[in-house]
Amino acid sequence: MDYSKLYRPSALNSFQFIALTGLLMSAGAHLILFYFVSRPMPAGFNWLYVCWAAFYAVGTLINLFGKPNEGHHHHH
């Protein structure tokens with residue numbers, strides 16, 4: 001099993017890439033709201049992290065156990 005599919009950017013699939021991007025953007029919004037705007041976090045904001053982690057986990061399962069050529073249906 002190729003565990004580099006968990007962390008190597010070129011080996012990530014689209015689910016994992018979207019989840020990591022969402023996680024970074026959520027963390028950025030969290031920092032901006034907390035340190036620069038000094039507002040309380042919106043109710044349920046922390047659930048975003050759970051959702052991004054779940055999205056990453058699903059992408060990881062697809063990446064590790066999916067068929068290597070799945071999703072490439074080119075008709076010539």
Side-chain angles (χ1 to χ4, degrees):
M1 190 172 299
D2 184 11
Y3 290 109
S4 69
K5 292 181 178 182
L6 298 176
Y7 58 86
R8 194 168 36 107
S10 63
L12 299 178
N13 65 15
S14 57
F15 290 100
Q16 292 170 303
F17 185 79
I18 291 169
L20 287 177
T21 302
L23 181 69
L24 289 173
M25 296 302 283
S26 297
H30 198 143
L31 289 173
I32 289 169
L33 286 172
F34 187 76
Y35 288 110
F36 299 112
V37 181
S38 298
R39 291 185 150 209
M41 296 308 298
F45 188 87
N46 290 332
W47 282 104
L48 278 174
Y49 299 112
V50 175
C51 292
W52 291 129
F55 204 67
Y56 184 83
V58 168
T60 298
L61 291 174
I62 291 170
N63 203 0
L64 290 176
F65 300 112
K67 295 177 184 172
N69 293 326
E70 192 174 291
H72 298 284
H73 301 288
H74 297 286
H75 299 282
H76 295 280

message: Distance check, rounded to the nearest 0.5 Å: Y56 atom OH versus N63 atom CG?
response: 8.5 Å

task: Kindly indicate, with the supporting measurements, whether the criterion side chain to side chain contact (heavy atoms under 4.5 Å, CB included) is fulfilled by I62 and Q16.
output: CA-CA 10 Å; I62 291 170; Q16 292 170 303; over 6 Å; no

statement: Students should find that the hydrophobic cluster of W47, defined by side-chain heavy atoms under 4.5 Å apart, otherwise consists of V50

field: Considering all heavy atoms, the nearest L23-Y49 contact
entry: CD1-CD2, 3.5 Å

N13 side-chain N/O to T60 backbone N/O, donor-acceptor pair under 3.5 Å: no

- prompt: Would you find more than 12 non-hydrogen atoms of other residues, nucleotides or ligands less than 6.0 Å from F45 atom CZ?
  reply: yes

- request: Drop me the distance from M25's CE to L48's CG, to the nearest 0.5 angstrom.
  value: 12.0 Å

hydrophobic_cluster_shared for L20 and L61, side chain cutoff 4.5 Å: yes

- prompt: Looking at side-chain heavy atoms only, is the closest gap between L33 and S38 below 4.5 Å?
  reply: no

message: Suppose we call two aromatic rings close when their centres sit under 6.0 Å apart. Are F55 and F15 close by that rule?
response: yes

query: Does one hydrophobic cluster hold both F65 and L12, with members joined at side-chain heavy-atom distances below 4.5 Å?
result: yes

Nearest heavy-atom neighbours spanning W52 and G22: NE1-O, 3.2 Å

